[in-house]
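Chain A is the first sequence line, chain B the second, and so forth, proteins listed ahead of strands; every chain is numbered from 1.
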There are 2 protein chains.
Amino acid sequence: MQNRRLSERGYRRADLAKATGCNLETIRYYEKVGMMPDPPRTAAGYRIYDKSHVSRLRFIMRGRDLGFTIEEIRGLLDLVDGGTQTCAEVKERTERHLASVRAKIADLRRIERALATTSSLCSGEDVPECPILDALAA
Amino acid sequence: MQNRRLSERGYRRADLAKATGCNLETIRYYEKVGMMPDPPRTAAGYRIYDKSHVSRLRFIMRGRDLGFTIEEIRGLLDLVDGGTQTCAEVKERTERHLASVRAKIADLRRIERALATTSSLCSGEDVPECPILDALAA
DNA sequence: GTAAGGTCTGTAGCAACTACAGACTCAAGG
DNA sequence: CCTTGAGTCTGTAGTTGCTACAGACCTTAC
């Protein structure tokens, strides 16, 4: 194909981006902040990635999708990298995060009800009393 | 107490921060971006707040907690501020926000399910192999 | 061999804060 | 009356987690 020699050796940055769906520049950012390892380079300085980079980047992105902060993901990666991870630790972190997600859902449901009520009140001619303020300010 | 004359008139910035849990500087930021009104000032230029500012700031913070952007909160505040809008406009904005709330709930439910699933895979034992990490890497 | 396109670096921008620095104000104690 | 210490004022710079250049360099296809 267009870059046979390189693709025999591994992925270029754009290949990694495509393989993971990650933004091109974000890969460099993750490297800068130490979440992705400094990859080997070609003689000309081009980064060369392999399958392991694809997995790691997917791991990071999946964590972000699940609403983990960078620091939380770093923590999870440390467990992986350390090789000393215990199931108990990871489970504990996950459940803590699960609890906060459930709290957010509960809050949003309250807002949803308030908005739905407002909307139904809005069918008349007059501007209604707004229960949103009460719901949010409570 | 130490500033009786002022506290008879209202809250100072630090009082408002304490009453709402908002960061001191963030109050000024919200004022700068037009989410909080320019408050009255003492002769020396000190901001003076009252109960209405407490409610409004709580409203903003709650919205932020729930993941609304500044622009969305601005929209909600417009609803609350009311005044010049017709009922149709209010209803339209309300339903738009309702849709975004429901989308957020759906997102969080998806995250919740993923977290609950990964958590349930985990034995909680002190073994180095963790199915949650495997699931994230998958 | 040259043009198109990928990669490199550093840096600047974004949202939404958060934290100074340096000047000013104010109430209380001596 | 003066000092002291805490609170406030302004503008600006730093933070997080990206994202998007600019300008130079490298590779590949034709």
Side-chain angles (χ1 to χ4, degrees), chain A residues 1-36 38-49 53 57 59-77, chain B residues 1-36 38-49 53 57-77 100:
Chain A
M1 306 299 284
Q2 75 252 73
N3 45 296
R4 184 181 183 104
R5 261 203 316 253
L6 186 56
S7 65
E8 279 169 8
R9 291 158 183 272
Y11 302 84
R12 287 183 310 183
R13 193 149 57 100
D15 299 326
L16 182 57
K18 191 170 275 187
T20 58
C22 186
N23 178 289
L24 188 68
E25 298 296 323
T26 304
I27 294 170
R28 209 153 58 87
Y29 168 74
Y30 285 146
E31 183 183 319
K32 199 173 85 183
V33 299
M35 295 172 74
M36 289 292 286
D38 288 13
R41 305 277 187 134
T42 64
Y46 281 29
R47 292 168 178 82
I48 312 166
Y49 298 103
H53 296 98
L57 185 49
F59 185 107
I60 293 167
M61 294 181 72
R62 190 143 168 75
R64 294 294 291 143
D65 279 352
L66 293 177
F68 285 100
T69 65
I70 288 292
E71 276 317 303
E72 287 170 322
I73 293 169
R74 224 193 284 271
L76 291 170
L77 287 169
Chain B
M1 308 302 282
Q2 76 252 75
N3 44 294
R4 180 172 188 117
R5 266 207 310 258
L6 186 57
S7 64
E8 278 169 9
R9 290 158 184 274
Y11 303 84
R12 289 183 308 182
R13 192 149 59 100
D15 300 326
L16 181 58
K18 190 170 276 185
T20 57
C22 186
N23 178 287
L24 188 68
E25 299 297 322
T26 304
I27 294 170
R28 208 151 60 86
Y29 168 75
Y30 285 147
E31 183 183 321
K32 198 172 87 184
V33 300
M35 296 173 74
M36 290 292 286
D38 289 12
R41 305 277 186 132
T42 65
Y46 282 28
R47 291 169 178 83
I48 312 165
Y49 298 103
H53 297 97
L57 185 49
R58 285 216 179 107
F59 183 107
I60 293 168
M61 294 179 71
R62 195 117 179 91
R64 290 298 297 136
D65 278 352
L66 295 176
F68 285 100
T69 65
I70 288 291
E71 277 315 304
E72 286 171 322
I73 293 170
R74 230 193 281 272
L76 289 168
L77 286 169
S100 100

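Atom OH in A/Y11 sits about 18 Å away from atom P in C/dG6, given to the nearest Å. Rounded to a whole Å, the CD atom of B/E25 is 16 Å from the P atom of D/dG14. Rounding to whole angstrom units, CE of residue B/M35 and P of C/dA15 are separated by 13 Å. The separation between A/L57 atom CG and D/dC18 atom C1' is 13 Å, rounded to whole Å. Note: CG (B/D38) to C1' (D/dC9) measures 14 Å, nearest angstrom. Note: CZ (B/R12) to P (D/dA6) measures 13 Å, nearest angstrom. A/Y49 places its OH atom 16 Å from the P atom of C/dG6, with the value rounded to the nearest Å. The distance between atom CD1 of B/I27 and atom P of D/dT8, rounded to the nearest whole Å, is 9 Å.
For C/dG6, the OP1/OP2 oxygens have no side-chain nitrogen or oxygen of A/R13 closer than 4.0 Å. Proximity of A/N23 to the phosphate of D/dC18: no side-chain N or O atom is located under 4.0 Å from OP1 or OP2. In this model, the phosphate group of C/dT18 is approached by a side-chain N or O of B/T26 to a distance below 4.0 Å at OP1 or OP2. Applying the 4.0 Å criterion to OP1 and OP2 of D/dG17, one finds that A/Y30 has every side-chain N and O outside that range. A sub-4.0 Å separation between OP1 or OP2 of C/dC24 and a side-chain N or O of B/R41 is absent.
You'll find the side chain of B/Y49 stays beyond 4.5 Å of the side chain of B/L57, heavy atoms only. Put simply, the side chain of A/I60 does not reach to within 4.5 Å of the side chain of A/T20, judged on heavy atoms. Inter-residue side-chain proximity for A/E25 and A/R13 is flagged as met; some heavy-atom pair is nearer than 4.5 Å.
In this structure, A/R12 CZ and A/R47 CZ are separated by 13.5 Å, a value rounded to the nearest 0.5 Å.
Taking every side-chain heavy atom of B/Y46 into account, D/dT8 is the closest of D/dT8, C/dT7, C/dC8.
Where A/R64 and A/A43 meet DNA chain D, the nucleotide closest to each residue was compared, and A/R64 sits on the side nearer the 5' end. Both B/Y29 and A/R28 lie near DNA chain C, and the one whose nearest nucleotide falls closer to the 5' end is A/R28.
Ion pairing between a basic and an acidic side chain is recognised when a charged N comes within 4.0 Å of a carboxylate O; A/R28 and A/E31 show no such pairing.
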